[in-house]
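The figures that follow rest on heavy atoms only: side chains count, while hydrogens, waters and symmetry mates do not. Keep in mind that what you see is a predicted model, and the values were worked out from it rather than measured.
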Amino acid sequence: MLTFKNFRGINNISNEKKKSETFLSGAVNVDVGLDAELRRRRGMEMLKPGCYRQLWEGSSMVLAIRDGGALVRVVPQGEDVEIHPSLGPARLWCCELPDGRVIFSNGLVQGMTDGAGYTDWGVAQPSESGTATAVAGALPAGRYAWAVTLRRDSDGLESQAVVGGLVELEQGGGLLLTDLPRRPGHSLQVYLTTAGGEVFMHAGQAQGSAFSYLRDGQDLARPCRTMHLGMPPVGRLHAVWGSRVLVAQGRVLWASTPHGWSHFALGRDFKQFGADITLVQPVGGGIFIGTEKELAFLAGSEFDALVYTRLMSAPVLLGSGAEAPGRRVRRGDGAGFGRAMLCIAGGWVVAGHDDGMLEPLTEGIYRAELGAEVVSAFRTVDGIPQYEALAYEHASV
């Protein structure tokens, strides 16, 4: 057993002759205790046989890519539950929602699971709006427009609306819609404007491929709430921030509508950066954003009013972000508070705190050379806080 006096950690930067007995150049299968004591890291034990790749663990479930590319919910003491039959070998990105459901994406295919199966994340809009014919009814004379949406039977989630054309009606007119689209597991909702109006109000649910409205319009009172709200963009680095879900897609950070995790105002709620996004890590006072060129902090609680501050002009390693309790992360000479995050920026491990303050943890002492992409996590083992980052090509085997 080796004993070190005044041991301070791992140092792969300084000259070997200048490190004395306070630093090691490297350590394998070693844990460092709270009093800087060294101990052998625990070994591993097999939980289940089989080829499992890209394990993701949340509070509600554990997901993995198994064998030929199926996404499964891992059941340690039983039979795994297949979620998606062919998600493929691409990297899996997951995000747990407050209700326990999990969003998953590989950058091309995405969905949402409750652990028993999956649905699309969002509802795709109808392919067409049908054909309108003026008939006899009780509507006042004027120009009317209609729109249609699809509502999923399983959870009531509604798609973006597709707007039809304009129809001129004489006094005492009605509207007949035909050739309406249909989709298994969904109902078609129809919306109408008032005469000369621009707001689409719920008129009813189509039965089959046709729908007629012959009343006087007095019951048109509930507006279409998904009129300009599209499906979530297919991206990576999803995160829950307050009542919104954030998604990174290339250089763009998208935000869902408040409390509408599956609806995105794509023409409004986004922010663009100067390089591809590699980190999306919310904390209490805002959002840490990393890209291939910088680490920044967006301060605030309202998406439209976030204040941008650049913290480092250095690339942030993709996948290196991990949330941690602030009280377990160094802040100056003490510990932080609230929520914190850790990541690798410019090769150094840094910590970000609730108020946007950045704490360099390994600058000038330890530089992480882990390739272009990692899998990371923060955990506490025997009371010892640990930040782990594993090169992705190793983590996926």
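A donor-acceptor distance shorter than 3.5 angstrom exists from the side chain of N106 to the backbone of L108, with no hydrogens or angles considered. Although no hydrogens or angles enter the test, the distance criterion places a donor-acceptor pair under 3.5 Å between the side chain of S256 and the main chain of V245. Checking side-chain atoms of S60 against main-chain N and O of G100 turns up a donor-acceptor pair under 3.5 Å. A distance-only check finds no donor-acceptor pair linking the side chain of T178 to the backbone of A210 [under 3.5 Å]. With hydrogens and angles disregarded, no donor-acceptor distance shorter than 3.5 Å links the side chain of H186 to the backbone of P126. A donor-acceptor pair is defined here as one N or O able to donate and one able to accept, closer than 3.5 Å; such a pair exists between the side chain of R73 and the backbone of G115. For the pair D354 (side chain) and G284 (backbone), a donor-acceptor distance under 3.5 Å is present. Judged by distance alone, the side chain of E294 and the main-chain N or O of A314 form no donor-acceptor pair under 3.5 Å. Checking side-chain atoms of R151 against main-chain N and O of S187 turns up no donor-acceptor pair under 3.5 Å. Panel note: side chain D99, backbone R101; a donor-acceptor pair is recorded below 3.5 Å.
With rounding to the nearest 0.5 angstrom, the CG atom of L390 is 11.5 Å from the CD atom of E373. Between the CD1 atom of I65 and the CD1 atom of I83 there is a distance of 10.5 Å, given to the nearest 0.5 Å. Taken to the nearest 0.5 Å, the OH atom of Y191 stands 4.5 Å off from the SG atom of C224. To the nearest 0.5 Å, atom CG of residue L253 and atom OG1 of residue T291 are 12.0 Å apart. Annotation: the span from R236 atom CZ to T278 atom OG1 amounts to 7.5 Å, rounded to 0.5 Å. Taken to the nearest 0.5 Å, the CD atom of Q54 stands 5.5 Å off from the CG atom of L92.
Salt-bridge check for D80 with K48: passed, with a basic side-chain N closer than 4.0 Å to an acidic carboxylate O. Between R331 and E359 there is no salt bridge, since none of the side-chain N atoms of the basic residue sits less than 4.0 Å from a carboxylate O of the acidic one. Comment: D276 does not engage K293 in a salt bridge, judged by the lack of any side-chain N to carboxylate O separation of less than 4.0 angstrom.
At least one side-chain heavy atom of Y213 sits under 4.5 Å from a side-chain heavy atom of L220. Within the 4.5 Å cutoff, side-chain heavy atoms of V148 are placed close to those of L180.
Atom CZ of R215 sits in a crowded spot, with more than 12 heavy atoms from other residues, nucleotides or ligands closer than 6.0 Å. The neighbour count for R183 CZ, taken as heavy atoms of other residues, nucleotides or ligands under 6.0 Å away, is above 12. The number of heavy atoms from other shown groups lying within 6.0 Å of CD (E168) is above 12.
Closest of all the heavy-atom pairs between L175 and A132 is CD1-CB, 3.9 Å. Contact between A265 and T257 at its shortest, heavy atoms only, is N-CG2, 4.4 Å.
Ring pair W254/F264: centre-to-centre distance not below 6.0 Å. For F378 and Y387, the ring centers sit 6.0 Å or farther from each other. With ring centers used as reference points, W261 lies 6.0 Å or more from H238.
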Worksheet item: Checking side chain to side chain donor-acceptor pair (under 3.5 Å) for the pair E158/T149: CA distance, chi angles, key distance, verdict?
Response: CA-CA 7 Å; E158 198 163 351; T149 67; 2.5 Å; yes

Item to complete: Determine, stepwise, if the pair D120 / R152 fulfils salt bridge (charged side-chain N to carboxylate O under 4.0 Å, His left out).
Response: CA-CA 10 Å; D120 291 338; R152 191 159 57 203; 5.2 Å; no

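Taking the six-membered ring where tryptophan is involved, the planes of H84 and F104 are perpendicular, since the angle between them exceeds 60° and thus also 30°.
Pairs of residues two or more places apart, or lying in two chains, never qualify as ring pair (Phe, Tyr, Trp, His ring centres under 6.0 Å) while including a residue from residues 299-342.
Of the residues listed (V102, L157, I103), the one engaging M112 in a side-chain contact (heavy atoms from CB on, under 4.5 Å) is I103, and it is the only one.
Not counting sequence neighbours, R182 has no partner by the salt bridge (charged side-chain N to carboxylate O under 4.0 Å, His left out) test. Partners of R379 under the side chain to side chain donor-acceptor pair (under 3.5 Å) rule, at least two apart in sequence or in another chain, are Q386, E388.
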